[in-house]
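Please read the structure below before turning to the comments.
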Amino acid sequence: MSEKKQIRIATRNSGFIDPENIDSYIAAGGYLALAKCIEEMTPAQVIDEMKASGLRGRGGAGFPTGVKWGFAAGYKSDTKYVVCNADEGDPGAFMDRAILEGDPHSVLEAMAIGGYAIGGNKGTIYIRAEYPLAIKRLKIAIEQAEEKGMLGKNIFGSDFSFDLDIKYGAGAFVCGEETALINSMEGDRGEPYTKPPFPAEAGYWDKPTIVNNVETLAAIPAILTKGASWFNQIGTETSKGTKVFCIVGKINNVGLIEVPMGITLKEVIFDVGGGVPNGKEFKAVQTGGPSGGALTFKDLDVKIDYEGLAACQSMMGSGGMIVMDEDDCMVAVSKFFLDFTMEETCGKCTPCRIGSKRIYETLDRITMGQGTMDDIENLKLMSTVIKDTALCGLGQTMPNPVLSTMRVFEDEYRAHVIDKKCPAGVCTSLLEFVVVDEKCVGCTLCAKVCPVDCISGKVKEVHVIDQAACIKCGACLEKCKFDAIIKR
Amino acid sequence: MAKLNSIADLKKLRADLQAQAKAKTDKPLVNVSLATCSVASGGRDVMEAMKAEVASLGLDVNFMQSGCMTYCYAEPTVEITLPGKEPVVFGFVDTDKAKLLVQKYVKEGELLDGVIPVGYERVVL
């Protein structure tokens, strides 16, 4: 592989063009794919080309886009809808916002192409209201595209018409799930429903609907301009093209990256990401947000594609990558993500509503030092049952953080339960703050700052912390100028 | 604005736009990343500071805004293209550095710290 490890397809224009000026997009080859489809290709040919490209949905599930379009094209209906899922909700993921703010026309163009391919004339972008700049730039882009005749009636002088509007979401994580999203768009509660019928048959207002993620859409004009055979040479056997990741946490080059599928975790963390700061050891990376799982220092040679991540109990997800170093406790990390999904579960199905709460409570007990070996076994059992029985993607993937961290770090869970220790020194209930006798000069600062007066000792004599009374706030450790207090 | 009626119209418009852009390459181009994250870290102030410095030095420079340049760790980021040279992206730009960039790099062609290397291949249509 060449020195340049990134290939920018979905993010090809972000940072290079003025997102508020359609001419800037056209100069970069914008709308050529739409024009080519309308003038030179039949809808069936567009779908065949999409299937041949091997593009899979970038929102998380990885369903082949061309196949999805083919299903929707197969149903007869007077109205069909193209929906753009811009309800980006994973903690630490912001690629959809970046694309919409940096290159909104690529998404509009792809939606119009999707409409042409399935025989639909209406499109809706479902975007969270927390993205005001993206919304502003989308509105400008829609207006300019209508003025130039690339949206609206008789696009490029043909008899194909396509109208777009925007709907705002209130930022519920579950609304990224396509059936919950459709409910929310119709003004109902954002709760998923059982498939089938799939949206391709009966989705928005019970009409055939395709729901595509922002990043998926942004890649489509490039694929159709340069051809499926160009795109499907990039990537692996089962996962073609590139994937955008947001790489955050304990990493030097925090930011957005777009890398070919099949790149190893090692290349992502150390070459593209620039490694872990402050000389710390790389421990794990959470991929796929709260629905995903941890790839660890043992998985550095794993090739990143849909199947490679699934084999590690993780998933591609929308592409958040949260990097953790030796100072992070895997039990606490699992608890953090379960706290998130417990808050975000819509409550419709029992495994997800009650299961998330029970897993969270168990993890909480373990981090408090009150866990038992039964808890560890129960975690595994509950996780497996929830995966098998939850209604939608949120619940089915919710136990992933637990299962994937247990895969490699079960010893860390055991340390919390058996030794009542947190090896990474994160879980405060399991920590002890102690005075190092040789270093203490008896300055009394720690005793003064202690909020519960549990530190005793005379001036110029070694001080002692009463472990039974200590609330582990860490104030003494911060205050001590002589490094005479340590946590262990 | 006239509507485009064919792929030929579009290709002609694109060629015209590219020619216009090429005609501008005899002037330096300053491209400031202005996505939410860049704005939050002070990108707009950087843009204003550079415009003010360009005006006070009496230079002739084109400005543009763009979206995310992908270097979150180094925001605000500014890309400067001098005539006949490859674009250079500078990171960690604050208003003081913005002025320096105009004085040193835009005016004199003298590189400053904070250059972000290009680690990607951009797909061009």
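Letters go in sequence order (proteins before strands), and every chain restarts at 1. Heavy atoms only: backbone and side chains are in, while hydrogens, waters and symmetry mates are out.
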Using 0.5 Å steps for rounding, measure from the CD1 atom of A:I155 to the NZ atom of B:K3.
9.0 Å
Between the CD atom in A:E101 and the OG1 atom in B:T36, the distance rounded to the nearest 0.5 Å is 3.0 Å
Pair count under 4.5 Å, heavy atoms only, with chain A: among B:M69, B:Q65, B:Q18, highest is B:Q65
Within this structure, what is the CD1-CG distance for the pair A:I26 and B:L17, rounded to the nearest 0.5 Å?
6.5 Å
Sequence neighbours excluded, which residues qualify as salt bridge (charged side-chain N to carboxylate O under 4.0 Å, His left out) partners of A:E130?
A:R128
Does some side-chain heavy atom of B:V123 sit less than 4.5 Å from a side-chain heavy atom of A:R8?
no
Is it the side chain or the backbone of B:E79 that comes within 4.5 Å of chain A heavy atoms, both, or neither?
side chain
For the student: nearest non-hydrogen atoms of A:A35 and B:I7, plus distance
CB-CG1, 3.7 Å
Closest-packed option against chain B by number of heavy-atom pairs under 4.5 Å, given A:G102, A:G30, A:A27:
A:A27
Quick one: what part of A:N13 sits under 4.5 Å from any heavy atom of chain B, side chain, backbone, both or neither?
both
Beyond-backbone contact of B:M64 with A:N21, side-chain heavy atoms, under 4.5 angstrom:
no
Report yes or no: does A:N253 contribute a side-chain atom to a donor-acceptor pair with the main-chain N or O of B:Y73 at less than 3.5 Å?
no
Structural part of B:A21 lying under 4.5 Å from a heavy atom of chain A
neither
Does CG in B:D113 sit with more than 12 non-hydrogen atoms of other residues, nucleotides or ligands closer than 6.0 Å?
no
Counting only non-hydrogen atoms closer than 4.5 Å, does B:I116 touch chain A with its backbone (N, CA, C, O), its side chain (CB onward), both, or neither?
neither
Distance, nearest 0.5 Å, that separates CG of B:D9 from OH of A:Y31
15.5 Å
Between atom CD of A:Q6 and atom CZ of B:R122, what is the distance when rounded to the nearest 0.5 Å?
14.0 Å
Checking heavy atoms, do the side chain of B:S6, its backbone, both or neither come under 4.5 Å from chain A?
both
Around B:K11, counting heavy atoms of other residues, nucleotides and ligands shown, do more than 12 lie under 6.0 Å from its NZ?
no
dist B:L10:CG -> A:E39:CD (nearest 0.5 Å) comes out at 9.5 Å
Counting only heavy atoms not in A:E143, do more than 12 sit closer than 6.0 Å to its CD atom?
no
Closest-packed option against chain B by number of heavy-atom pairs under 4.5 Å, given A:I9, A:I257, A:I17:
A:I17
Does any heavy atom of chain B fall under 4.5 Å from the side chain of A:F94, the backbone, both, or neither of them?
side chain
When heavy-atom pairs shorter than 4.5 Å are enumerated against chain B, which of A:A134, A:G255, A:C246, A:G152 gives the highest number?
A:G255
Please state whether the side chain, the backbone, both or neither of A:E40 comes within less than 4.5 Å of a heavy atom of chain B.
side chain
A:I7 and B:Y120, any side-chain heavy atoms less than 4.5 Å apart:
no
Under 4.5 Å heavy-atom distance to chain B, tell me which part of A:M150 shows up: side chain, backbone, both or neither.
side chain
Residue part contacting chain B, namely of A:S14, when any heavy atom lies under 4.5 Å:
both
Sequence neighbours excluded, which residues qualify as salt bridge (charged side-chain N to carboxylate O under 4.0 Å, His left out) partners of A:K153?
none
Which one of B:A15, B:S33, B:C68, B:C37 has the most heavy-atom pairs closer than 4.5 Å to chain A?
B:C68
